Protein chains: 2
Amino acid sequence: MSKRKKSSTTNAIDILHRRYYEGRPERLAALEEARANDSVARKIAALRVQAGLSQRQLAKLVGTTASVICRLENADYEGHSLAMLNRIAAALNQRVEIRFVQTDRRLQPA
Amino acid sequence: MSKRKKSSTTNAIDILHRRYYEGRPERLAALEEARANDSVARKIAALRVQAGLSQRQLAKLVGTTASVICRLENADYEGHSLAMLNRIAAALNQRVEIRFVQTDRRLQPA
DNA sequence: ACAGCCGTTCGCAATAATGCGAACATGTGC
DNA sequence: GCACATGTTCGCATTATTGCGAACGGCTGT
């Protein structure tokens, strides 16, 4: 595990990444979790809008209320369950697919 | 849910599908949910074995106990949460990726 | 102004997942 | 037999998510 800095990076994100996350599994996990939550929230919202539904309409299809949908579409929400994702997916004629992908290599800029 | 259903009839699955699932969103959802749960359970187990870890070892990495891991690896378990999946993924140097894919047409055995 | 729909936030009860230890059955090697 | 490790199931306390109504601000059209 060499620590030599090989590339003279001018990218601030890389620097910040090295400083705050590299070698800190907990922080990396928290980062990934936040990213995942945001991603899921956005996907739900996108799917709903794409289907031309309001939160209340989707809520009715899913069998819940608008406040619940709103909560799910919030990027900061951390309570996503597969059960709920499946219910939403089923209501929108979709299915949820879950994959585990390696994160060994460096992450690329979004 | 039955795992082995290899009949000689080529359209038995189609017939059963039409009879029990078509036009019944609730049953379709339940079917998909069972399939998804089984899939997730298997993926967790596969990842753990692939990493050469026992349930207790993974539990320690994740920050829980072996009984919890065992529960997660059970195909009938319905309580999968993104939080737990992320914890497991992080412990195994992976990240969870979620996708919604359309299931408009007839579903096909993988 | 009014009615209507939109997304959003709050609070709280009810439900469900997690956390944890204990115990069991199985298999392996000493 | 014994010790050890594995996967498994059970019960129960703790924690978190869901369910639901109510209310708010914003926006549109009448």
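In what follows, chains carry the letters A, B, and so on, assigned in the order in which the sequence lines appear, proteins first and then strands, with residues in each chain numbered from 1. Model, not experiment: these values are computed from the prediction.
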Please produce a list of atom pairs where a protein N or O lies less than 3.5 Å from an N or O of nucleotides 24-30 of chain D.
none

(message) Tell me which residues in residues 38-50 of chain A lie within less than 4.0 Å of DNA chain D, going by non-hydrogen atoms.
(response) none
(request) Mind calculating the distance between CD1 (B:Ile88) and P (C:dG19) to the nearest angstrom? (result) 10 Å
(message) Please list, in numerical order, the residues of residues 57-65 of chain B that have a heavy atom closer than 4.0 Å to any atom of DNA chain D.
(response) none
(message) From C-beta outward on A:Cys70, which listed nucleotide comes closest to its side chain: D:dC20, C:dT9, D:dT8?
(response) C:dT9
(message) Are B:Leu82 and B:Leu85 packed together at the side-chain level, in the sense that at least one heavy-atom pair is separated by less than 4.5 angstrom?
(response) yes
(message) I want to verify a distance call: between D:dG19, C:dG19, D:dT6, whose nearest atom is closest to the B:Arg87 side chain?
(response) C:dG19
(request) Calculate the interatomic distance between B:Glu78 atom CD and C:dA17 atom P; express it in whole Å. (result) 7 Å
(message) Do A:Leu47 and A:Val49 make a side-chain contact, defined as non-hydrogen atoms from C-beta onward lying under 4.5 Å apart?
(response) no
(message) So, using side chain to side chain donor-acceptor pair (under 3.5 Å) as the criterion, who are the partners of B:Thr64 when residues are at least two apart?
(response) none
(request) Report yes if a side-chain nitrogen or oxygen of A:Gln55 is closer than 4.0 Å to either non-bridging phosphate oxygen (OP1 or OP2) of C:dT8; otherwise report no. (result) yes
(message) Both B:Ser81 and A:Val68 contact DNA chain C. Which one's nearest nucleotide lies toward the 5' end?
(response) A:Val68
(message) For A:Asn74, give me all partners under side chain to side chain donor-acceptor pair (under 3.5 Å), at least two apart in sequence or on another chain.
(response) none
Enumerate the protein-to-nucleotides 10-15 of chain D contacts in which both atoms are nitrogen or oxygen and the separation is below 3.5 Å.
none

(request) Give a yes/no on whether any side-chain N or O of B:Ser54 is located under 4.0 angstrom from OP1 or OP2 of D:dA5. (result) no
(request) Round to the nearest Å and state the distance from A:Ile69 atom CD1 to C:dG7 atom C1'. (result) 12 Å
